Amino acid sequence: MTRYELPAMVVEHQRRGANLYELILHAPPIAQSATPGQFVMLRPMRTHAPLWRRPYSILRANPDKGVFSVLYSVQSAFTELLSLKPIGSMIQTLGPLGSYFQPVRSARRHILVAGGVGAPPLCFFAARLVPTLQAGEQMVILEGARRDDLLVGLDEFRALGAEIRIATDDGSRGYKGFVTDLLAEALNEPIESAVYACGPNRMLQVVARLCAAGGVPCQVSLDAPMPCGIGVCLGCAVKVKTPDGGIWYRRACVEGPVFWAEEVVWE
Amino acid sequence: MTRYELPAMVVEHQRRGANLYELILHAPPIAQSATPGQFVMLRPMRTHAPLWRRPYSILRANPDKGVFSVLYSVQSAFTELLSLKPIGSMIQTLGPLGSYFQPVRSARRHILVAGGVGAPPLCFFAARLVPTLQAGEQMVILEGARRDDLLVGLDEFRALGAEIRIATDDGSRGYKGFVTDLLAEALNEPIESAVYACGPNRMLQVVARLCAAGGVPCQVSLDAPMPCGIGVCLGCAVKVKTPDGGIWYRRACVEGPVFWAEEVVWE
Amino acid sequence: MTPDLRVNLGRLQLRNPVMVAAGTFGYGLEYRDLIDLAQLGAIVTKSLTLTPRMGNPPPRVVETPAGMLNAIGLQNDGVEAFLRETLSRLRELGTPVIASVAGETLEEYVGVAVQLSRAEGVAAIELNLSCPNQARGGLEFGTDPDLTMQAVAAVRRATHLPLIAKLSPQVSDIVPIACAAVQAGADILCLTNTILGVAVDAHTRQFRLASKSGGLSGPAIKPIAQYHLWRVRQALPETPLIGVGGISSADDAIEFILLGAHAVQIGTANYVQPTLALEVGQGIEAYLRANGFDSVDAIRGVVY
Amino acid sequence: MTPDLRVNLGRLQLRNPVMVAAGTFGYGLEYRDLIDLAQLGAIVTKSLTLTPRMGNPPPRVVETPAGMLNAIGLQNDGVEAFLRETLSRLRELGTPVIASVAGETLEEYVGVAVQLSRAEGVAAIELNLSCPNQARGGLEFGTDPDLTMQAVAAVRRATHLPLIAKLSPQVSDIVPIACAAVQAGADILCLTNTILGVAVDAHTRQFRLASKSGGLSGPAIKPIAQYHLWRVRQALPETPLIGVGGISSADDAIEFILLGAHAVQIGTANYVQPTLALEVGQGIEAYLRANGFDSVDAIRGVVY
Ligand SMILES: Cc1cc2nc3c(=O)[nH]c(=O)nc-3n(C[C@H](O)[C@H](O)[C@H](O)COP(=O)(O)OP(=O)(O)OC[C@H]3O[C@@H](n4cnc5c(N)ncnc54)[C@H](O)[C@@H]3O)c2cc1C
Ligand SMILES: Cc1cc2nc3c(=O)[nH]c(=O)nc-3n(C[C@H](O)[C@H](O)[C@H](O)COP(=O)(O)OP(=O)(O)OC[C@H]3O[C@@H](n4cnc5c(N)ncnc54)[C@H](O)[C@@H]3O)c2cc1C
Ligand SMILES: Cc1cc2nc3c(=O)[nH]c(=O)nc-3n(C[C@H](O)[C@H](O)[C@H](O)COP(=O)(O)O)c2cc1C
Ligand SMILES: Cc1cc2nc3c(=O)[nH]c(=O)nc-3n(C[C@H](O)[C@H](O)[C@H](O)COP(=O)(O)O)c2cc1C
Ligand code: FES
Ligand code: FES
């Protein structure tokens, strides 16, 4: 697995919703090798505060044009700075990093569960999965957010012609309640499924529990603070069961962010 | 003296030279009360690093339109951030602050000595001085910089029809040497002069010495680190002679930045 | 329901928990045109000495990553000038005035405290223990339990006013120092003051401060100040604490309260945002309301 | 003329003064694809313990203003696994490998040091004195002159390798600790490690680290680390010093050298810019050249 550390040029920077931006970066080696679920570490400026780079999942990659993009919401100083980067400016970029979603080829139905800003890696995964689907193999998107306007990536999913089921906490769109309720329902349907999920860790824990109960293979992309993104600081530890039945810490940035849900020790 | 703390809108933000930008801000109370030599404290974003606001001299003010502008060179993180502020965005602003240049009405010639980024307050001073000049009263600009492309405010001075004498360290324009050499020469000319200077403190010290030797009234605008800009931190101390013959510290942000050169204890 | 912002630090009662820290707000009056001083919980004056002090030569301040170093050198006009010229004007604001006391000898601390105690309108005395002790080769009072004990005890005997001991963070273990201060009669502890640091200019090859070293303040030190406050809170659950160090938002202040502070002080951030102290007060109120708490007391010390 | 970047720290001789700090560069190999490790002055390994350690529960790190807190808990595979699996691969780089040693008892320090001394290819041992001493209620070795003396002396007897004592900044006065370390046989002092801090989440009302407190590193602490280094340099002009704390540019490193450091270590900033250590080396060379100095030695300690 090769990683690249390079200055990437901003080729497009668009508002994609309330507080939501898509950033398209020119970085051919990253665009060519990125796999869905992987992320990049970005550094818009040399600042002491914010100090760390931040990880962003790859939303889509176009190997031919040598570009990839990320989707982010402006939350605090870092993303504010990021949002100020004009087209033509450079952003120091490291990637692609981490593990990726692996299509479970035995499944008849692929259920992608996205919570809020967790959607981008699943958009990328869906885009790469759809062309490989065999007859009788389906894909379903379950997406949840607090409110209608916080739903992310719907355009991307729709462009793939995917079936989308939506949940919002306040009922402003789709089912009123948690996206995990939609998952519970879907898992009741009698079809062999595999689940791929990204969102807040609390959501993923419920997803993992539902899948474990149903014996459904499940991959989750975990959120963790990531000072380095390349495996040296051990800051992004995730507690896992080791093959020999023990407990140890794995790095969300190298062995993750995508883990098999059954490996993870949820606490 | 009234000071205003307010968010000012960026109405114009132009490149004015290599690394040099003019920022025009809409802030009517500041534009209306600003006097040449005064400055504002700017905060382009809420960052922890850079931590302090920075002082910028007022380059020009249009009370009717309620705008004023500053001219700055991009040097480090703060000015980099400042340069990213788009038109329409807001910058937290405090001003106008500090003391100002006072025209010496007894002088027949007003010599304005500008070193590098010290030019802006003198541009403002010149603009307000020219309309008040009596017959037989002249104004001369002496401006120095390391190189041709680091000369600041020449357009402003030229627009006033002022006589300009230039010095560059490398001789890339005008006299090769220090602007203080030009001053020494000018002070040899037999005409009653007054000097107003802004630039690096080392330059101001030489200016002060030349003026003291010639008995020429001289005002200097001093550079000092300014955490607060409003007189509470005592960080911007300048050593001065007190009227009773003693020594004490004065604040560059309140009693300064413009001091009578003879008051200052240069060390 | 409007949450109750009042806090009782023993005999010192404040209408809200947000004060401005010593040396960062001038004598208070300098900010009059920019904020409504009457809305502050209290104003702490710059530290007062027995005689006027000229302070250190410049440069006295330098910016550092998310912080600053200062070596002002306690420039002030002396306690007498304060009592004569400033106190009565401050008193008119109706905001409690806490007088910060500095000294290089026990006698100086006591001398200043005695004068302040005789005056009308001083709500409390804050003892700045980060001063170098002349008799002990410049060792800061606040880095040694014995010196702390002596200084606090001496001032305690000299004043009836509520006594705040402001501790230094420049220690391995602050608990023995905090205990010494309380044993010697401090009513309230304030933590913390600045941490010693230097800054160098690689290009001129000189220190960036004329006095070489200075005190580090600002957001950079918040984790350190909070650490000390948290530890003192565990050791001395009954003593009212004031948290200070790097506060630049309401959340920062709330963090100190959650760790056990009765009140907070804002220092360096005043420079950057003169209105901050008022916004922090409003932010605390909004936080209590949004989370269903009826008072500051309700959240104090819940993180431990 | 190319300036001479070599530095001699007594028996430890380096081709340039820029190392990477313990615990911030993995075992070194993790960076192989991103930078040319052969150009580093030395690699300091993460701290090694006698037996494998799982480390602390997450969250283990949190960003703070211009810094971060970490409570990794010395997660490592133990000294044996290091010797078996990593050292030989590191040795192939040709870059000096300094092994960092951690322990909670004197026996553990000694045990690790003995094993390292028997191996081929360890250039020096760095003793991490910021470890909590089990026998003394968790007091850090490096905050007490006696404990420091004991730990250094014990390891000194156990190894012939150059011995670096890495000091804690969590002290009022670092000089007695530094003197104790040198008296007990440390060849070189490294200053400093992290400072204790906490961070709180106002919204969840919890500590941001599962272990509550952690060590503060990054640009925020640079003034503090430089202060301690400067003071030790005055007290012990003959002892080679390594400066560490907040370095994120060549200028930062040069500042430490001007204050008296023979070499520097880069920690937190590696995360943000994996190529930084090489850039710092190039930056030092460019600085020497631009200012007409022929070696690193020529600028060491000129600011005092
Ligand atoms: C593998 C991975 C992939 C990611 N991909 C994406 C992506 O595709 N798009 C995207 O937008 N983000 C993504 N993130 C998150 C991203 O890295 C940043 O954390 C996010 O952009 C916030 O950045 P910020 O610095 O502006 O805000 P921060 O300063 O990091 O804080 C974010 C917000 O949360 C609050 N906050 C911080 N910590 C806490 C806490 N413990 N509890 C409660 N509130 C807290 C802050 O106050 C702030 O409002 C990803 C993270 C990981 C680990
Ligand atoms: C009253 C007053 C008026 C001013 N008016 C203007 C103005 O009109 N226009 C303008 O551009 N600036 C003006 N300044 C300066 C301005 O406030 C900033 O200091 C300047 O913009 C640099 O900002 P910065 O943060 O980007 O760089 P900083 O981080 O402050 O540093 C500036 C540069 O100098 C270097 N540097 C910093 N300190 C030192 C040192 N001690 N020795 C050597 N090098 C050092 C840095 O490395 C950097 O390259 C004024 C200052 C004062 C006091
Ligand atoms: C310029 C300056 C001057 C200060 N003067 C004093 C003082 O006179 N007495 C005192 O007790 N503390 C003084 N302090 C320390 C502050 O009161 C406060 O304890 C410290 O700065 C930490 O808080 P902060 O990070 O919010 O600034 C001073 C701080 C600064 C920055
Ligand atoms: C995540 C992390 C882990 C660390 N682990 C160790 C360690 O194992 N041993 C040690 O001596 N220092 C350790 N340190 C301290 C660093 O080596 C260094 O002394 C400190 O971080 C200050 O330098 P910096 O500001 O450049 O990071 C660690 C620091 C960090 C941030
Ligand atoms: S982020 Fe540093 S090891 Fe994962
Ligand atoms: S800048 Fe604070 S007193 Fe002048």
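What you see is a predicted model; the values in this text were computed from it and never measured. Below, chains carry the letters A, B, ... as their sequence lines are ordered, and counting in each starts from 1. Every heavy atom of this structure was used, including side-chain atoms; hydrogens, water molecules and symmetry mates were not.
- For the pair Arg3(B)/Asp33(C), a side-chain contact is recorded, criterion being any heavy-atom separation below 4.5 Å from C-beta on.
- Nearest heavy-atom pair across Cys228(B) and Tyr271(C) is CB-CD2, 3.6 Å.
- The environment of CD in Glu80(C) is sparse: at most 12 heavy-atom neighbours from other residues, nucleotides or ligands sit within 6.0 Å.
- Residue-environment remark: NZ (Lys241(B)) exceeds the threshold of 12 foreign heavy atoms within 6.0 Å.
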CA sep, side-chain torsions, deciding dist, call: Ile230(B), Glu30(C), side-chain contact (heavy atoms from CB on, under 4.5 Å): CA-CA 8 Å; Ile230(B) 57 171; Glu30(C) 291 88 339; over 6 Å; no

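- Most heavy-atom pairs under 4.5 Å with chain B: of the set Thr64(C), Asn70(C), Asn270(C), Val62(C), this distinction falls to Val62(C).
- Within a 6.0 Å radius of CZ in Phe178(B), other residues, nucleotides and ligands contribute 12 heavy atoms or fewer.
- In this structure, Ile72(C) CD1 and Cys233(B) SG are separated by 6.0 Å, a value rounded to the nearest 0.5 Å.
- Within the 4.5 angstrom heavy-atom criterion, no atom of Arg208(C) approaches chain B.
- Interface check for chain B: of the options Ala269(C), Pro57(C), Ala220(C), the most heavy-atom pairs under 4.5 Å are formed by Pro57(C).
- Heavy atoms closer than 4.5 Å to chain B are found in the backbone of Asn56(C), but not in its side chain.
- Within 6.0 Å of atom CZ in Arg205(C), more than 12 heavy atoms from other residues, nucleotides or ligands are found, so the atom counts as buried in its surroundings.
- Between chain C and the options Pro50(B), Gly229(B), Gly235(B), Ala49(B), the largest number of non-hydrogen pairs under 4.5 Å is found for Gly235(B).
- Most heavy-atom pairs under 4.5 Å with chain C, from the set Thr47(B), Val238(B), Leu234(B): that is Leu234(B).
- Only the side chain of Leu94(B) comes within less than 4.5 Å of a heavy atom of chain C; its backbone N, CA, C and O stay farther away.
- Residue contact with chain B, scored on non-hydrogen atoms closer than 4.5 Å, involves the side chain of Thr268(C) exclusively.
- Of the residues considered (Glu63(C), Gln273(C), Met54(C), Arg60(C)), Glu63(C) shows the highest number of contacts with chain B, using heavy-atom pairs under 4.5 Å.
- Summarising the geometry, atom OH belonging to Tyr249(B) is positioned 12.0 Å from atom CZ belonging to Arg53(C); distances are rounded to the nearest 0.5 Å.
- Here Arg43(B) is the residue among Met41(B), Lys239(B), Arg43(B), Glu5(B) with the most heavy-atom pairs under 4.5 Å with chain C.
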